[in-house]
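Encoded as structure tokens, the structure appears first; notes follow it.
Nothing fancy with the numbering, it's 1 onward along the sequence.
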Amino acid sequence: MDTRKIKKLIELVKETGIGELEVKSGDDSVRINCQVNMMPTFTSMPAPAAPTPAPTVTPAPAAKKPEPISGHHVKSPMVGTVYLSATPGKPPFVSVGQKVQIGDTLCIIEAMKMFNKIEADKAGTISARLIENEQPVEYDQPLFIIEE
């Protein structure tokens, strides 16, 4: 099976949030298994000798698009791991409903063994926290929403 197709299948598993996907194409078979907070894995195995009946497919209910959250989005300036407090066991830098000023520390992102403070770039009230402690984050991923 073409590696580009496998990469597309891995992206599909990540986007949809399904736990496992198995695809058979001729003599090739690929199973992609993705657990929460883990990277998807795949195994290539030979197709079974005896044909198996195709599974019954039931249509999934139409997913509603989440409504965009209004307010100023504080986004990650880098790829790394986010920490909501200075040390484990300490209270978080900020919590939902808390008023912040420009320059207040919101969280820390560890990237390549460097700890980088992420500061509020607008004054207002934290209306949403979009990340969890010790979660990996991507560049430009929304972290917090600040309402003025």
task = Verify whether one side chain among E134 and Y83 offers a donor that lies under 3.5 Å from an acceptor in the other.
result = no
ask   = Hey, any chance L84 and L130 share a hydrophobic cluster, counting ILVMFWY side chains that come within less than 4.5 Å of each other, even indirectly?
value = no
task = Tell me, with the steps shown, if I126 and V100 meet side-chain contact (heavy atoms from CB on, under 4.5 Å).
result = CA-CA 7 Å; I126 302 290; V100 294; 4.0 Å; yes
task = Identify which one of L143, V79, T81 satisfies the side chain to side chain contact (heavy atoms under 4.5 Å, CB included) criterion when paired with I109.
result = L143
inquiry  = Using 0.5 Å steps for rounding, measure from the CZ atom of F115 to the CD atom of E110.
reply    = 4.0 Å
task = Begin from the C-alpha positions of S127 and F144 and carry the test side-chain contact (heavy atoms from CB on, under 4.5 Å) through to its verdict.
result = CA-CA 8 Å; S127 63; F144 295 92; over 6 Å; no
Where Q141 and P136 come nearest, the two heavy atoms and their spacing = OE1-O, 4.2 Å
message = Let me confirm one number: the CD1-NZ distance from I146 to K99, rounded to the nearest 0.5 Å.
response = 12.0 Å
query = For the hydrophobic clusters of this structure (ILVMFWY residues joined by side-chain heavy atoms under 4.5 Å, transitively), does one cluster hold both L106 and M78?
reply = yes
ask   = Do S85 side-chain atoms and T87 backbone N/O form a donor-acceptor pair below 3.5 Å?
value = yes
ask   = Could you give the distance from NE2 (H72) to CD (E148), rounded to the nearest 0.5 Å?
value = 8.5 Å
remark   = Distance col, row C107:SG vs K117:NZ, nearest 0.5 angstrom, shows 12.0 Å
key: CA sep, side-chain torsions, deciding dist, call: I131, V137, side-chain contact (heavy atoms from CB on, under 4.5 Å)   = CA-CA 8 Å; I131 39 92; V137 292; 3.8 Å; yes
inquiry  = Rounded to the nearest 0.5 Å, what separates atom CD1 in I118 from atom NZ in K75?
reply    = 14.0 Å
Any side-chain heavy-atom pair of D121 and V74 under 4.5 Å = yes
key: Same cluster (ILVMFWY, side-chain, under 4.5 Å), F93 and I145   = no
